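These numbers were taken from a predicted model, which means no experiment stands behind them. Both counts, for ligands and for their atoms, begin at 1 and track the order of listing.
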Amino acid sequence: MNIGILALQGDYIEHVEIARKALQAKNISGEVVTVKDKSSLKSIDAIIIPGGESTVIGRLLEKTNMIEDLRETIAGGLPTLGTCAGAILMAKKVRDKVVGETRQPILGVMSIGVLRNAFGRQRESFEMDLDIRGYGRVRAAFIRAPAIVELWGRAEELSGFDYSEIGRVTAVAVEGSMIASIFHPEITGETLLHEILIDMVKR
Ligand code: GLN
């Protein structure tokens, strides 16, 4: 099994490590490869879009001419995990808490609406334990995190919490073979989301 990590900007090196650990944990032989152009999309069985700066990753996806191909490949069923900025890029609807409509380039493949920088300045980064429905508990690290505030169609919440100013926040959403998480599993060393992604390849 080949797991690709989108490696244009952000936390991709950490995801290489965690994806390797997740393959080991599941006892599956596989390679973890970095994806920097569209030619590598053909040889992977799953992709991870890391956290970082969604505007920068979006612009680089355009610049490298891979935004269309990546969008079509994911829409065509390539199992995909997007964390933080990656979740923003996967969402069909994106707003920023401060600036409102962002008009940034996105993939727009998942039926979720996200609010960028939802937790404000005082809480630029924080951690909490979260239950992932049907899978168990993880330690979740949030860094200038977005909130998933809307889900429709086939998108479902796997984890969430109530947050004073925002109301219901979905932390992990799934839709078909796509998973979006607003936290960074690679920072606390959690392999669970990567393992769920690997299960999506096998099925
Ligand atoms: N605030 C970043 C954005 O809007 C996301 C932060 C992150 O990925 N840690 O793209």
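- Under the 4.0 Å criterion applied to side-chain N and carboxylate O atoms, Glu157 and Arg133 are not assigned as salt-bridge partners.
- Looking at Lys21 and Glu195, no side-chain N of the basic residue comes within less than 4.0 Å of a carboxylate O on the acidic one, giving no salt bridge.
- Under the 4.5 Å side-chain heavy-atom criterion for grouping Ile, Leu, Val, Met, Phe, Trp and Tyr, Leu61 is connected to Val33 within one hydrophobic cluster.
- The nearest heavy-atom contact from the protein to atom 9 (N) of ligand 1 is His184 NE2, 2.7 Å.
- Electrostatic pairing of Arg139 and Glu127 counts as a salt bridge here, judged by a charged N lying under 4.0 Å from a carboxylate O.
- Heavy-atom proximity to Ser54, at under 4.0 Å, picks out these atoms of ligand 1: 3 (C), 4 (O), 10 (O).
- Among Val94, Asn117, Thr55, the residue whose heavy atom lies nearest to atom 1 (N) of ligand 1 is Asn117.
- In this structure, atom 7 (C) of ligand 1 lies nearest to the protein heavy atom Cys84 SG, 2.8 Å.
- Using modelled atom types and a 3.5 Å distance limit, the side chains of Gln104 and Thr55 yield no donor-acceptor pair.
- Between Glu190 and Arg137, no side-chain nitrogen of the basic residue sits less than 4.0 Å from a carboxylate oxygen of the acidic one, so the salt-bridge criterion is not met.
- Less than 4.0 angstrom separates some heavy atom of Arg144 from each of these atoms of ligand 1: 1 (N), 2 (C), 5 (C), 6 (C).
- Atom 4 (O) of ligand 1 has its closest protein heavy atom at Arg116 NE, 2.6 Å.
- Using a 4.0 Å cut-off between heavy atoms, Asp11 makes no contact with ligand 1 at all.
- Residue Ile88 places no N or O, backbone or side chain, under 3.5 Å from any N or O of ligand 1.
- Ion pairing of Glu17 with Arg20 is present here, as a side-chain N (NZ or NE/NH1/NH2) and a carboxylate O approach within less than 4.0 Å.
- When Gly51, Pro146, Gly52 are ranked by how near their heavy atoms come to atom 5 (C) of ligand 1, first place goes to Gly52.
- For ligand 1 and Ala85, the ligand atoms under 4.0 Å from any heavy atom of the residue are 8 (O), 10 (O).
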